[in-house]
Undergrad: 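Mind looking over this structure? Questions follow.
Below, chains carry the letters A, B, ... as their sequence lines are ordered, and counting in each starts from 1. Note that the structure is predicted; figures quoted are calculated from it, not measured.
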2 protein chains.
Amino acid sequence: MRKNIILKHEDMPRQWYNILADIRLNPPLGPDGQPISPEALAPVFPMNLIEQEVSTERWIDIPEPVLEVLSIWRPSPLFRAYNFEKALKTPAKIYIKYEGCSPPGSHKPNTAVAQAYYNKAFGIKKLTTETGAGQWGSALSFACSQFGLECKVFMVRVSFDQKPYRKAMMETWGGECIASPSNLTQAGRVALEADPDTPGSLGIAISEAVEAAVSDSTGQTRYSLGSVLNHVMLHQTIIGLEAKKQFEIAGDSPDVIIGCVGGGSNFAGIAFPYALDKINGKNIAIYPVEPKACPSLTRGPFGYDHGDTAKYTPLLAMHSLGHNFIPPAIHAGGLRYHGMAPTVSQLVEEEIFTPVAVSQIDAYKAGLLWARSEGHIPAPETCNALAHVVAEAEKAREEGKEKTILANFSGHGLLDLSAYEKYLSGQLSDLELDESQIEKAKKILDQHPAPERIRR
Amino acid sequence: MRKNIILKHEDMPRQWYNILADIRLNPPLGPDGQPISPEALAPVFPMNLIEQEVSTERWIDIPEPVLEVLSIWRPSPLFRAYNFEKALKTPAKIYIKYEGCSPPGSHKPNTAVAQAYYNKAFGIKKLTTETGAGQWGSALSFACSQFGLECKVFMVRVSFDQKPYRKAMMETWGGECIASPSNLTQAGRVALEADPDTPGSLGIAISEAVEAAVSDSTGQTRYSLGSVLNHVMLHQTIIGLEAKKQFEIAGDSPDVIIGCVGGGSNFAGIAFPYALDKINGKNIAIYPVEPKACPSLTRGPFGYDHGDTAKYTPLLAMHSLGHNFIPPAIHAGGLRYHGMAPTVSQLVEEEIFTPVAVSQIDAYKAGLLWARSEGHIPAPETCNALAHVVAEAEKAREEGKEKTILANFSGHGLLDLSAYEKYLSGQLSDLELDESQIEKAKKILDQHPAPERIRR
């Protein structure tokens, strides 16, 4: 019988794994091209999170109040997808770490809860943020409701329009949700002037949320980011750490790790604890999976770029399609980001991770096969990961090789059903990347090259 | 720390509890007012389910393939709602049995999976059904996808319009979803002629689904009902049986049991195993909670009535507001049903259950408090149960009494967020029952009185 491999509450990881203990990153740079001090970030983030952002301690304690909220849905299930294996006629064993059980339905609250906690502890009253698909904005609204913080979310317009329920969800938890670009910020007004019909982008929405935080004269508002940053990746490692414990219980071990990547957080969550094993010599294939329409890791150059369109953020050493890039309106809003977490980017440079890109149609095809064989309807982002699971399972079949695949199921798709309806009625197509963007990105990133391969 | 009380897969109940071993029901009657034979139902249901419908065995084995599919999300969590208790400042302990983890998000697949299995085993190729809120139609579509059956769902128009994602959900699992009343059936055409703008009702949708099943000339289509019938209640008892095992682990025991009632299935699921204890003398309060706008148990007379508007179904001995009743368009579609399970009705007559009714506004108020304190957003139906949890918790506070409340959280509300948006923006009001309907119902039920208090 199919069984979730159950981890008891008392066996939940009590520490996050910090990959900065095992790799070295190019430092963030200020507008002058010089490394910035942590203090420079103080108007944007609370100091306790800034300290975590730059920490190189390998293991960092998870505060008890954070564990308490996480325990609403954690430990999350790990299970073997027998029906999916059968549907794919593969000799591969496919394990899924299921992050759809959280109240907002994705992995995002793993860091939202931690960030809300640290902000609250620092005396902050209100958080601002951006959201793509809406998963992150929902997660932060939920987390803020748990700690009694206000929450203001700038939601990329194309997703805001595609997913009206997301706004209702954030409001149910007491959050405020605004379509971005908006007229509430200078960054939003500039974007609207340039193109009043813009679908928006995560880059623009980040600019708006940062501006809304730093321009609050009370000093009690900070900005919260749902991906990209080191502390966000850190908070997500609970996923992979739980999975490792569950694999021990199951008496198995994965050869292949798969997660979708937008900014990198759900992928990092499952992959970083295994990246450490690979750094230490273990033979393991680790695949970040991105959409072909927004291929920052497979096509974007590596160098310094801003995390947002208005260049409010520091320069980060990462793979990027250029901070001015507005990705095609694919139905996987969480993957529509021009950049990539510096940690994930660095580990791609060091060949610990092997990025792949999949098409929108292949993603939904895999997602539908999953829903009809295993039940839970995957989020569009998760569909991207599943598309590569399918590819690996088919490869295993062709090669006649047994192997053990572990994929992160980042969330359910119950608020993305309109996209499934489009796919089922043939209204969905593969959206193409504007090829000229690659050259544009190169020009942007050439201004601030980053040294490669600086593993500690 | 908040902990789900975890039941291992190997400790899942292996048998359902059949309340017909412990109570006696007035038999279903045919159009002639005489008890009908099980064989008369053969065009509508497969014979293996009809046998289960009339069985008086106390314990019935759960088939292994059913357990296997249920294990996608079962055993479901039981947990203590510390934050909700705190928000209510109550000395009561509140335990929740959380049924929102299933792929469609409610308790409904507990019976959908069993029914799909038995139909498949009987050689049936296609199931038809009706759905109110969409929970049942989604559940049956999911279950049919697991067993390779076709599925056709007639969805009450008011919910079809309120919840477009439900149709997409059913289609994602390969089901077909049609707004009811439709032009596809005689029953639908009659309803549309009477009122082209009718919001529809479960009664009409049942008529359409039954007609669609029995009129299939291949003989390979049957009808499936998501509530009311004895075998449906039976399949849901896994909820209460799991809860009992979990309470044993927790070293506690409930004094108060609460579930919302539309047709009765999620309530029966939690309540029947405890009803047995009460029949055997245990002091325990058991509350079915219904909406004031559709108060079949608190206001509807007890007697014989049809389960559907077109009178295709046998006469059932139950509480009913009359088969011609079209409930106000409250945002809790699963509770908009004129009748009530004969088993639940009988146990109300025998004073084992104490029905209560709550207002729509109180229900959403309780749901919002839950979401903001405990995280998961409750389905509108669940909000009705939570409204009475609040009432009991407040009573405990006023009386200064400790007590242990167990409520069934029938499902999450992620596909009902538009109703929350209406509530939050003040667009939701209490919908009143047309009082003249009570007299109409009495006249209908007076035609076929049912003897009361016939406990075995």
Undergrad: Side chain, backbone, both or neither: which part of B/S425 has a non-hydrogen atom closer than 4.5 Å to chain A?
TA: neither

Undergrad: Listed by residue number, which members of residues 160-178 of chain A have a heavy atom under 4.5 Å from any heavy atom of chain B?
TA: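 Counting heavy atoms that sit under 4.5 Å from chain B, the residues of residues 160-178 of chain A involved are A/Q162, A/K163, A/P164, A/Y165, A/K167, A/A168, A/M169, A/E171, A/T172, A/W173, A/G174.
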
Undergrad: Relative to chain B, which segment of A/S141 carries a heavy atom at a distance below 4.5 Å: side chain, backbone, both, or neither?
TA: neither

Undergrad: So which of B/K8, B/R74, B/E10, B/Q146 has the largest heavy-atom pair count under 4.5 angstrom toward chain A?
TA: B/Q146

Undergrad: With chain B, which of A/D416, A/I377, A/I6 has the greatest number of heavy-atom pairs at distances under 4.5 Å?
TA: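 If we count pairs closer than 4.5 Å to chain B, A/I377 comes out on top.
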
Undergrad: For A/E374 and B/I72, which heavy atoms make the closest approach, and how far apart are they?
TA: O-CD1, 3.4 Å

Undergrad: In chain order, what residues pass the side-chain hydrogen bond (donor to acceptor under 3.5 Å, both in side chains) check against A/D61, with sequence neighbours excluded?
TA: A/Q15

Undergrad: Where does A/L414 contact chain B at under 4.5 Å (heavy atoms): side chain, backbone, both or neither?
TA: both

Undergrad: For chain B, find its close neighbours in residues 131-140 of chain A: heavy-atom separation under 4.5 Å, sorted by number, or none.
TA: none

Undergrad: Does any backbone or side-chain atom of A/L415 lie under 4.5 Å from a heavy atom of chain B? Answer side chain, backbone, both or neither.
TA: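 Contact with chain B is through both the backbone and side chain of A/L415.
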
Undergrad: Which of residues 97-107 of chain A get closer than 4.5 angstrom to chain B, counting heavy atoms alone?
TA: A/C101, A/S102, A/P103

Undergrad: More than 12 non-hydrogen atoms from neighbouring residues, nucleotides or ligands closer than 6.0 Å to NZ on B/K365, yes or no?
TA: no

Undergrad: Minimum heavy-atom separation for A/A371 to B/S145, with atom names?
TA: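 Nearest pair, atom of A/A371 first, then B/S145: O-OG, 4.5 Å.
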
Undergrad: Contact part of A/L7 toward chain B, heavy-atom cut-off under 4.5 Å: side chain, backbone, both or neither?
TA: backbone

Undergrad: Output the option from B/S418, B/A419, B/P77 having the highest count of non-hydrogen pairs under 4.5 Å with chain A.
TA: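 Of the candidates given, the most pairs with chain A belong to B/S418.
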
